[in-house]
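Sequence positions, counted from 1, serve as the residue numbers for this chain. Read the numbers this way: they start at 1 and go in the same order the structure lists the ligands and their atoms.
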Amino acid sequence: MTKSNEEKLPEKIPTHVAIIMDGNGRWARARGLPRLAGHRAGVENLRRVIEACVEFGIQYLTIYAFSTENWDRPRAEVRGLINILEDVIDRELKELHENGVQLRHIGDLEPLRPKLQEKVRHAIELTRDNRKLVLTVAWNYGGRAEIVHAIQKMLADGISEGEIDEELVGRYLFTAESPDPDLVIRTSGELRVSNFLIWQSAYSEWYITPTFWPDFGREELLQALCDYSQRERRFGRVPGAISQS
Ligand code: IPE
Ligand code: IPE
Ligand code: MG
């Protein structure tokens, strides 16, 4: 439901939105709270953003939750982030499933305890036929690690040099089943990709906002969608060429 009768959704809604959920630590610090309180607030916000994505008709949402580089944070923070992952599955899976959300994971689950890996796999299996929104969680994900993994798999499968093209590489990435993101959002104002979907975002549009992730709500998502709707995606061609072809 829209909040106001006058509110109009933009014409072009991206099929796939990917979000670098950044700024939890600074959000907490600004309130004199520990960093983990920021991460917990970030999870609460994620619920709102998922609901808004469903409302706006976005089909794929990919969220960057833990990077391959985030292991270098203090042990207690890493442990806290792992606990949050487990808590979210325990507390939210039922409702996500009832709301038609299909869960996917990209990255490497191997460093997690077997019981937690099992929970993630169960969540993916349970929700595999849901169609309302595909929610892909990038956890222990890095774009470079993903490409290395793809090359290793191609070699293991005996792929020959002549068979390798962009389409085949795409099929060896963790994201083989998803379209490339149309729009990448980064909160907290950082102007960098931080190893997120580096192959897949080659022609994505970007929306960067100074808002810290726990404060990035429905209204600002709508703002990002309006912004996106004004863009002309040219994919290297001349203006107007896409709609004519
Ligand atoms: C993003 O918030 C969440 C993760 C990287 C897990 P940060 O924890 O990076 O927050 P800042 O950037 O320190 O404010
Ligand atoms: C990117 O944020 C990773 C996630 C949001 C999970 P970081 O806070 O880790 O990125 P840098 O260190 O500022 O580049
Ligand atoms: Mg950060």
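Using a 4.5 Å heavy-atom cutoff, the side chains of Trp139 and Ile106 are not in contact. Counting heavy atoms from C-beta outward, Trp199 and Glu166 have side chains that approach closer than 4.5 Å.
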Item to complete: For the pair Glu190 and Arg26, evaluate salt bridge (Lys or Arg N to Asp or Glu O under 4.0 Å) and give the outcome as yes or no after the intermediate values.
Response: CA-CA 12 Å; Glu190 305 297 352; Arg26 278 162 286 168; 3.0 Å; yes
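Ring planes of Phe174 and Tyr141: perpendicular class, angle over 60° (limits at 30 and 60°). The aromatic rings of Phe196 and Tyr64 sit parallel to each other, their planes meeting at less than 30°, with 60° as the upper class boundary.
Near ligand 2, Ile20, Met21, Asp22, Tyr64, Ala65, Phe66, Asn70, Arg73, Arg186, Arg192, Ser194 each place a heavy atom less than 4.0 angstrom from the ligand.
The part of Arg35 lying near ligand 1 is the side chain, judged by heavy-atom distances below 4.0 Å.
Asn140 places no side-chain N or O within donor-acceptor distance of the main-chain N or O of Gly107, the cut-off being under 3.5 Å. In this structure a side-chain-to-backbone donor-acceptor pair under 3.5 Å is missing from Asn99 to Val101.
For a distance threshold of 2.8 Å, the protein N, O or S atoms nearer than that to the Mg ion (ligand 3), listed by chain and number, are Asp22 OD1.
Taking the charged nitrogens against the carboxylate oxygens, Arg40 and Asp87 do have a contact shorter than 4.0 Å, which makes a salt bridge.
Taking every heavy atom of both residues into account, Leu133 and Ile58 meet most closely at CD1-O, 3.3 Å. In this structure, Tyr203 and Arg233 approach most closely via the heavy-atom pair O-NH2, 2.9 Å.
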